[in-house]
Enquirer: 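Below you'll find the structure I mean.
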Amino acid sequence: MHKERIDKRVKRGFQNLRLSGKLLVIYILAGFLPIMITLTITYHEMKKILWDRETMILESYLTQTTDALDNELEIYNNLSNYISYNQSIAKILSSDQSTYQNYEQVASVIDPLLSSIMYFHDDVKQVTIYTDACQVKHGSTIAPITTLENEEENYGMVGDNQIHWIVNAKDKTAYSLNRMAMLEQKKAKGLLYVGVDYDSVFQPFNNETVFDNYGVVIEDAEGNCIFKKSVFTEEKQPYELSEEQFFATVGQKNSGYQFIKRESKASGWKIWIYKPDRLIISSVQPILIIAAAAILVSLMAAIACIRIISEFITKRISKLQKKMRNLETGNLGMEIENDSTDEIGDLINGYNSMTKRLDATINEVYRSKIKEKEYEMRALQAQINPHFLYNSLSIINWKALEADQEDISRITLSLSTFYRTALNKGKNILLVRDEIANIKAYLDIQLTMHDDSFDVIYDIDDSILKYETLNLILQPILENAIHHGIDLKQDGRGEIRISGKEDDKDIRFAVSDNGVGMTKEQAELILTADSKGYGVRNVNERIKLYYGAEYAVCIDSEVGRGTTVTIHFPKELHAEIKHS
């Protein structure tokens with residue numbers, strides 16, 4: 001009975017309301033509340049999406065960097081195992097011969113081998129064999145095992161015949177210890193020490209990323225912190241965790257931080273990445289502002305609706321309400337056509353603006369950044385293969401030197417130089433000096449392949465070597481000159497001339513050949529999408545994108561006379577020169 005009386009009072013009260021009051025109640029029930037519910041649901045859904053996105057980005061970044069670290073360590077481990085199981089080294093160190101004979105073999109076999117490893121791997125700083133088969137230290141390659149710090153401790157640590165990595169974050173030192181397996185088979189004691197540049201080991205974690213406000217901590221198998229990095233741009237509150245705070249917080253629930261862990265397969269290190277919860281959902285703040293603005297516009301529109309009773313207004317409100325309900329499904333691209341400028345028109349415009357901004361926020365913050373992380377992963381994967389190539393070239397060079405094959409050694413070194421300057425550690429900019437070294441190595445290989453059947457003339461001013469340039473802008477042009485110019489030449493000796501000059505503002509390169517040449521139409525086609533090849537066209541597009549359309553590649557050719565390709569770009573000192 002009590003409930004029925006309440007219902008009757010509510011109905012009577014609604015019936016006695018003025019029309020404006022009824023419209024207000026109807027608007028609140030049919031329009032304002034759905035908007036609030038929609039915005040609340042949208043807010044929570046956006047919050048969940050942003051949380052999942054940030055988690056996926058952090059996991060993706062940690063997986064990529066951990067894989068890159070493992071691949072880097074595997075390279076060093078393979079080098080260590082190669083030396084540890086080298087029978088020639090074990091035979092020399094364990095042989096019973098005169099001091100002079102032993103020194104001669106160490107100098108002619110072991111020294112070149114260990115030196116070539118450091119030559120092909122700039123980040124390897126020291127390779128030393130500590131053994132009881134040697135009582136006299138030989139340079140930095142051979143030393144008595146008694147000279148090794150903590151000999152018994154270090155030798156016992158690698159008793160499992162596994163490679164052990166020792167890293168000291170304070171001193172920034174990193175090295176591995178490995179037992180000399182082949183030497184121990186000859187009843188001798190030996191440890192291989194491979195010292196590596198600390199920054200090179202953790203380079204994957206020092207590369208720039210497309211996101212910020214995160215921290216990285218790496219601990220070894222004993223629980224010691226061996227690397228720590230944080231990138232926080234928020235200055236309102238200190239979010240960075242010290243080493244003590246990190247280890248005290250990582251195991252707590254509701255700590256206010258999100259922790260993600262991976263373990264390095266190559267070293268057993270635990271790699272953590274952390275980010276404050278508040279910063280993960282900070283991107284939702286603009287959505288709250290948009291929601292508040294939408295509510296304000298809705299209230300203003302309600303006052304207008306109370307004053308104007310019109311079927312036209314009712315229809316537009318119904319249409320707006322329907323669109324708002326569609327917003328719950330995540331369809332942010334649906335707009336309402338509007339040609340009026342009254343209050344309801346403002347409400348519709350506010351809705352359209354809100355959906356556009358929401359859609360733009362999702363596209364910018366979510367989809368675009370995920371794509372960037374995919375591109376970054378592909379770039380990291382592309383940089384892994386060359387390490388295997390460097391390792392292989394190092395072995396080939398050593399084998400060539402061992403077999404007294406200087407030609408093979410020279411070509412191997414040229415190929416190594418070519419790929420080192422071409423890859424440029426994943427960077428797009430390098431010194432002009434390194435770009436010249438790249439094409440000289442490339443042409444040295446081409447001359448060998450062509451039995452020195454053509455001549456190369458360099459006319460490079462030394463003054464331009466200190467400036468920066470895009471990498472790999474000359475090699476595709478030279479490749480085109482050889483394959484489509486010199487190789488097709490039927491009479492006379494081929495010649496390629498490379499000139500590099502500077503004027504007040506620009507650096508200019510010209511590559512000329514006396515090959516078969518081409519027509520004007522063929523020359524113009526090379527730089528278009530209809531070209532069969534993409535090397536020179538790719539150079540042209542890269543230069544225009546980086547420096548501007550006025551720095552396009554220029555091709556001047558005549559049938560039977562040859563071709564000249566000219567490129568120019570602004571003079572800019574390289575970062576290494578600026579800070580030197």
Enquirer: Which residues pass the side-chain contact (heavy atoms from CB on, under 4.5 Å) test with Met118, sequence neighbours left out?
Expert: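 Checked Met118 against side-chain contact (heavy atoms from CB on, under 4.5 Å); matches are Val124, Val127.
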Enquirer: In Å, rounded to the nearest 0.5 Å, how long is the span from OG1 of Thr65 to CG of Asn206?
Expert: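 One finds 11.0 Å between OG1 of Thr65 and CG of Asn206.
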Enquirer: Could I get the full list of salt bridge (charged side-chain N to carboxylate O under 4.0 Å, His left out) partners for Lys571, not counting sequence neighbours?
Expert: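 Lys571 satisfies salt bridge (charged side-chain N to carboxylate O under 4.0 Å, His left out) with Glu502 only.
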Enquirer: How about Leu113 and Tyr82: do any of their side-chain heavy atoms sit closer than 4.5 Å?
Expert: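 A side-chain contact exists here, since the closest heavy-atom pair is under 4.5 Å.
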Enquirer: What distance do Thr249 atom OG1 and Leu241 atom CG have between them, rounded to the nearest 0.5 Å?
Expert: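 The OG1 atom of Thr249 sits 5.5 Å away from the CG atom of Leu241.
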Enquirer: Would you list the pairs meeting ring-ring contact (aromatic ring centres under 6.0 Å, His included) in which at least one residue belongs to residues 184-203, sequence neighbours left out?
Expert: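 Non-adjacent pairs meeting ring-ring contact (aromatic ring centres under 6.0 Å, His included): Tyr175-Tyr193, Tyr198-Phe202, Phe202-Phe227, Phe202-Trp269.
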Enquirer: Given side-chain contact (heavy atoms from CB on, under 4.5 Å), test Ile429 with Leu470 step by step and report yes or no.
Expert: CA-CA 5 Å; Ile429 299 295; Leu470 291 174; 3.5 Å; yes
Enquirer: How long is the straight-line distance from CD of Gln446 back to CD of Glu479, given to the nearest 0.5 Å?
Expert: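 These two atoms lie 7.0 Å from each other.
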Enquirer: Just to verify, what does Thr66 make a side chain to side chain donor-acceptor pair (under 3.5 Å) with, not counting sequence neighbours?
Expert: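 None.
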Enquirer: At what distance, to the nearest 0.5 angstrom, does CG of Leu191 lie from CD1 of Ile145?
Expert: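 Result: 4.5 Å between the selected atoms.
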Enquirer: Show the numbers, then the answer: is there a side-chain contact (heavy atoms from CB on, under 4.5 Å) between Asp111 and His138?
Expert: CA-CA 9 Å; Asp111 284 352; His138 178 81; 2.7 Å; yes
Enquirer: Which pair of non-hydrogen atoms, one from Ala169 and one from Cys225, has the smallest distance, and what is that distance?
Expert: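 Here Ala169 and Cys225 meet closest at CB-O, 3.8 Å.
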Enquirer: By side-chain contact (heavy atoms from CB on, under 4.5 Å), which residues pair with Glu263, not counting sequence neighbours?
Expert: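 None.
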Enquirer: May I have the step-by-step check of side-chain contact (heavy atoms from CB on, under 4.5 Å) for Leu69 and Ile271, ending in yes or no?
Expert: CA-CA 10 Å; Leu69 174 65; Ile271 305 171; 3.7 Å; yes
Enquirer: Would you please name every residue forming a side chain to side chain donor-acceptor pair (under 3.5 Å) with Ser264, sequence neighbours left out?
Expert: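 Per chain and number, Ser264 pairs via side chain to side chain donor-acceptor pair (under 3.5 Å) with Asp70, Ser267.
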Enquirer: Which atom names give the shortest non-hydrogen contact between Gly190 and Leu183, and what distance separates them?
Expert: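 So the minimum-distance heavy-atom pair works out to CA-CD2, 4.0 Å.
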Enquirer: Rounded to the nearest 0.5 Å, what separation is found between the CG atom of Leu472 and the CD1 atom of Ile477?
Expert: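 One gets 11.0 Å once the value is rounded to the nearest 0.5 Å.
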Enquirer: Tell me every residue that passes side chain to side chain donor-acceptor pair (under 3.5 Å) with Asp199, counting only those two or more places apart in sequence or in another chain.
Expert: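 Side chain to side chain donor-acceptor pair (under 3.5 Å) check on Asp199 returns nothing, list empty.
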Enquirer: Do Thr469 and Ile464 make a side-chain contact, defined as non-hydrogen atoms from C-beta onward lying under 4.5 Å apart?
Expert: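 No, too far: nothing below the 4.5 Å cut-off.
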Enquirer: Who are the salt bridge (charged side-chain N to carboxylate O under 4.0 Å, His left out) partners of Lys228, not counting sequence neighbours?
Expert: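 By the salt bridge (charged side-chain N to carboxylate O under 4.0 Å, His left out) rule, Lys228 matches Glu240.
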Enquirer: Measuring only between side-chain heavy atoms, which start at C-beta, is Val201 closer than 4.5 Å to Glu72?
Expert: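 No. Closest side-chain heavy atoms not under 4.5 Å.
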Enquirer: Mind checking whether Ser176 and Val196 have side chains closer than 4.5 Å, heavy atoms only?
Expert: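 When only atoms from C-beta onward are counted, Val196 and Ser176 do not touch, as no gap falls below 4.5 Å.
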Enquirer: Side chains of Ser60 and Gln64: do they bring a donor and an acceptor to under 3.5 Å?
Expert: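 Yes, a side-chain donor-acceptor pair sits under 3.5 Å.
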Enquirer: Got Thr128 and Ile142 here, is their nearest side-chain heavy-atom distance under 4.5 Å?
Expert: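 When only atoms from C-beta onward are counted, Ile142 and Thr128 do not touch, as no gap falls below 4.5 Å.
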Enquirer: Go through the steps to decide whether Gln126 and Ser140 satisfy the test side-chain hydrogen bond (donor to acceptor under 3.5 Å, both in side chains), and finish with yes or no.
Expert: CA-CA 7 Å; Gln126 179 183 348; Ser140 63; over 6 Å; no
Enquirer: Tell me, do Leu79 and Val194 make a side-chain contact under 4.5 Å, heavy atoms counted?
Expert: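 Of all side-chain heavy-atom pairs linking Val194 with Leu79, none is under 4.5 Å.
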Enquirer: Which heavy atom of Ser108 sits nearest a heavy atom of Pro112, and at what distance?
Expert: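 The answer is O-CG, 3.4 Å.
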Enquirer: If I compare all heavy atoms of Ile436 with all of Phe509, which pair ends up nearest, and what's the gap?
Expert: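 In terms of heavy atoms, the two residues are closest at CD1-CE2, 3.9 Å.
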Enquirer: Return the set of residues passing side chain to side chain donor-acceptor pair (under 3.5 Å) with Ser84 (not counting sequence neighbours), or none when no residue passes.
Expert: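 Side chain to side chain donor-acceptor pair (under 3.5 Å) list for Ser84, sorted by chain: empty.
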Enquirer: Please give me the minimum heavy-atom distance between Tyr547 and Glu468, naming the atom from each residue.
Expert: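 Result for this residue pair: OH-O, 4.5 Å.
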Enquirer: Mind running side-chain contact (heavy atoms from CB on, under 4.5 Å) on Ile110 and Leu93 for me, showing each step along the way?
Expert: CA-CA 10 Å; Ile110 298 179; Leu93 294 178; 4.1 Å; yes
Enquirer: If the condition is side-chain contact (heavy atoms from CB on, under 4.5 Å), which residues does Val539 pass it with, not counting sequence neighbours?
Expert: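 Val539 satisfies side-chain contact (heavy atoms from CB on, under 4.5 Å) with Ile473, Pro476, Ile543, Val553 once adjacent residues are dropped.
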Enquirer: Any donor-acceptor pair under 3.5 Å linking the side chain of Asn71 with the backbone of Asp67?
Expert: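 Yes: the side chain of Asn71 pairs with the backbone of Asp67.
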Enquirer: With the side chain counted from C-beta on, respond yes when Tyr214 and Lys229 share a heavy-atom pair under 4.5 Å apart, and no when they do not.
Expert: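 Yes; the side chains approach each other to less than 4.5 Å.
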Enquirer: Would you call Ile83 and Ile129 a side-chain contact if the rule is heavy atoms closer than 4.5 Å?
Expert: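 Side chain of Ile83 against side chain of Ile129, heavy atoms only: contact under 4.5 Å found.
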Enquirer: Please identify each residue that fulfils ring pair (Phe, Tyr, Trp, His ring centres under 6.0 Å) with Tyr76, with sequence neighbours left out.
Expert: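 Here the qualifying residues are Trp165.
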Enquirer: Report the relative orientation of the aromatic rings in Tyr274 and Phe259; use parallel for angles under 30°, tilted for 30 to 60°, perpendicular for over 60°.
Expert: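 Correct class here is tilted.
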Enquirer: Out of curiosity, Leu114 CG to Thr141 OG1, how far, rounded to the nearest 0.5 Å?
Expert: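 It is 6.0 Å, given to the nearest 0.5 Å.
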Enquirer: Going by the rule salt bridge (charged side-chain N to carboxylate O under 4.0 Å, His left out), which residues pair with Asp220 if we only count those two or more places apart in sequence or in a different chain?
Expert: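 None.
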